[in-house]
Amino acid sequence: QVQLVESGGGLVQPGESLRLSCAASGSTLGYYAVAWFRQAPGKEREGVSCITSDDITSYRDSVKGRFTISRSSARNTVYLQMRSLTPEDTAVYYCARSWYCSFTEGAMDYWGKGTLVTVSS
């Protein structure tokens with residue numbers, strides 16, 4: 001049984017940083033692409049960043065230059081380093097697994113349950 005578990009969310013002030021983690025059990029994440037999505041209150045879920053099995057990364061425009069996606073050396077954890085956070089980044093953040101990088105939810109085969117990030121002064 002594949003499980004993805006997100007961690008690292010919390011309450012931070014604008015301008016601060018957080019690092020989210022997505023850890024896998026029952027699967028070796030290194031063979032797959034992993035995407036981060038987020039869903040803000042009252043809004044649809046949107047893709048944020050993705051990393052391929054070859055470590056090619058992609059980002060939505062609003063987080064470019066502020067967020068960095070990466071893998072652990074053991075390649076079974078994917079991180080999302082978030083800097084210069086703003087209230088607009090407040091959302092539940094989910095990681096998901098896929099065979100290729102995509103921001104299309106239907107391309108993902110496993111999802112975590114999410115971790116809440118709140119950016120507020």
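What's counted below: heavy atoms across the whole structure, side chains too, no hydrogens, waters or symmetry copies.
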J.: Taking C-beta and beyond as the side chain, do V48 and F67 meet within less than 4.5 Å on heavy atoms?
T.: yes
J.: Answer with yes or no whether the side chains of Y110 and R97 bring together a donor and an acceptor at under 3.5 Å.
T.: no
J.: Does one hydrophobic cluster hold both Y79 and Y59, with members joined at side-chain heavy-atom distances below 4.5 Å?
T.: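 No: no chain of side-chain contacts under 4.5 Å links Y79 to Y59.
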J.: Would you say L85 and E16 make side-chain contact, with heavy atoms under 4.5 Å?
T.: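 When only atoms from C-beta onward are counted, E16 and L85 do not touch, as no gap falls below 4.5 Å.
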J.: Which heavy atom of C95 sits nearest to which heavy atom of V34, and what is that distance?
T.: CB-CG1, 4.4 Å
J.: Just by distance, do the side chain of R71 and the backbone of V78 share a donor-acceptor pair under 3.5 Å?
T.: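 Not at all, since once roles are kept as given, no pair shorter than 3.5 Å links the two residues.
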J.: Do F37 and E105 have side chains that approach each other closer than 4.5 Å (heavy atoms only, starting at C-beta)?
T.: yes
J.: Measure across R60 and G47 and return the closest heavy-atom pair with its distance rounded to 0.1 Å.
T.: NH1-O, 2.7 Å
J.: Ignoring hydrogens and angles, tell me if any N or O in the side chain of T52 forms a donor-acceptor pair with the backbone of D55 under 3.5 Å.
T.: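 Yes, the answer is positive, given that a donor and an acceptor are paired below the 3.5 Å cut-off.
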J.: Looking at T68 and Q81, would you say the former's side chain and the latter's main chain have a donor-acceptor pair under 3.5 Å?
T.: no
J.: Evaluate the criterion side chain to side chain contact (heavy atoms under 4.5 Å, CB included) for residue pair S53 and Y32; output intermediate values, then yes/no.
T.: CA-CA 5 Å; S53 59; Y32 298 90; 6.0 Å; no
J.: Side chain to side chain contact (heavy atoms under 4.5 Å, CB included) between L11 and S120: does it pass, once the steps are laid out?
T.: CA-CA 7 Å; L11 171 64; S120 175; 4.2 Å; yes
J.: Could you walk me through whether S102 and M108 pass the side chain to side chain contact (heavy atoms under 4.5 Å, CB included) check?
T.: CA-CA 8 Å; S102 172; M108 306 297 138; 4.1 Å; yes
J.: Using a strict cut-off of less than 4.0 Å between a Lys/Arg side-chain nitrogen and an Asp/Glu carboxylate oxygen, indicate whether E6 and K113 qualify as a salt bridge.
T.: no
J.: With distance as the sole test, does Y100 use its side chain to make a donor-acceptor pair with the main-chain N or O of A107 at under 3.5 Å?
T.: no
J.: Hey, what do you get for OG (S25) to CD (Q3), rounding to the nearest 0.5 Å?
T.: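 Between atom OG of S25 and atom CD of Q3 there are 4.5 Å.
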J.: Would you say S49's side chain and S58's backbone share a donor-acceptor pair under 3.5 angstrom?
T.: yes
J.: Establish, yes or no, whether the cationic atom of R45 lies under 6.0 Å from the six-membered ring centre of W111 and within 45° of the ring axis.
T.: yes
J.: Give me the atom names and distance for the closest heavy-atom approach of T77 to S21.
T.: CG2-CB, 4.2 Å
J.: Look only at the side chain of S72 and the backbone of R75, and say whether a donor-acceptor pair between them is shorter than 3.5 Å.
T.: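 Flag set: sc S72 to bb R75 pair under 3.5 Å.
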J.: Report yes if some heavy atom in the side chain of S62 is under 4.5 Å from a heavy atom in the side chain of E88; otherwise report no.
T.: no
J.: Within a strict 4.5 Å, meaning less than it, do heavy atoms of the C22 and L4 side chains meet?
T.: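 When only atoms from C-beta onward are counted, L4 and C22 do touch, with a gap below 4.5 Å.
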J.: Taking R38 as the fixed residue, which of D89, V92, V117 is the one that meets the side-chain contact (heavy atoms from CB on, under 4.5 Å) rule?
T.: D89
J.: So, the side chain of T115 versus the backbone of G9: is there a donor-acceptor pair under 3.5 Å, distance only?
T.: yes
J.: To the nearest 0.5 angstrom, please state how far the CD1 atom of I69 sits from the CD1 atom of I56.
T.: 12.5 Å
J.: Do W36 and Y94 have ring centres separated by under 6.0 Å?
T.: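 Aromatic pair excluded; centres sit 6.0 Å or further apart.
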J.: Can you check whether G30's main-chain N or O pairs, donor with acceptor, with T28's side chain at less than 3.5 Å?
T.: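 Side chain of T28 to backbone of G30: no pair is present.
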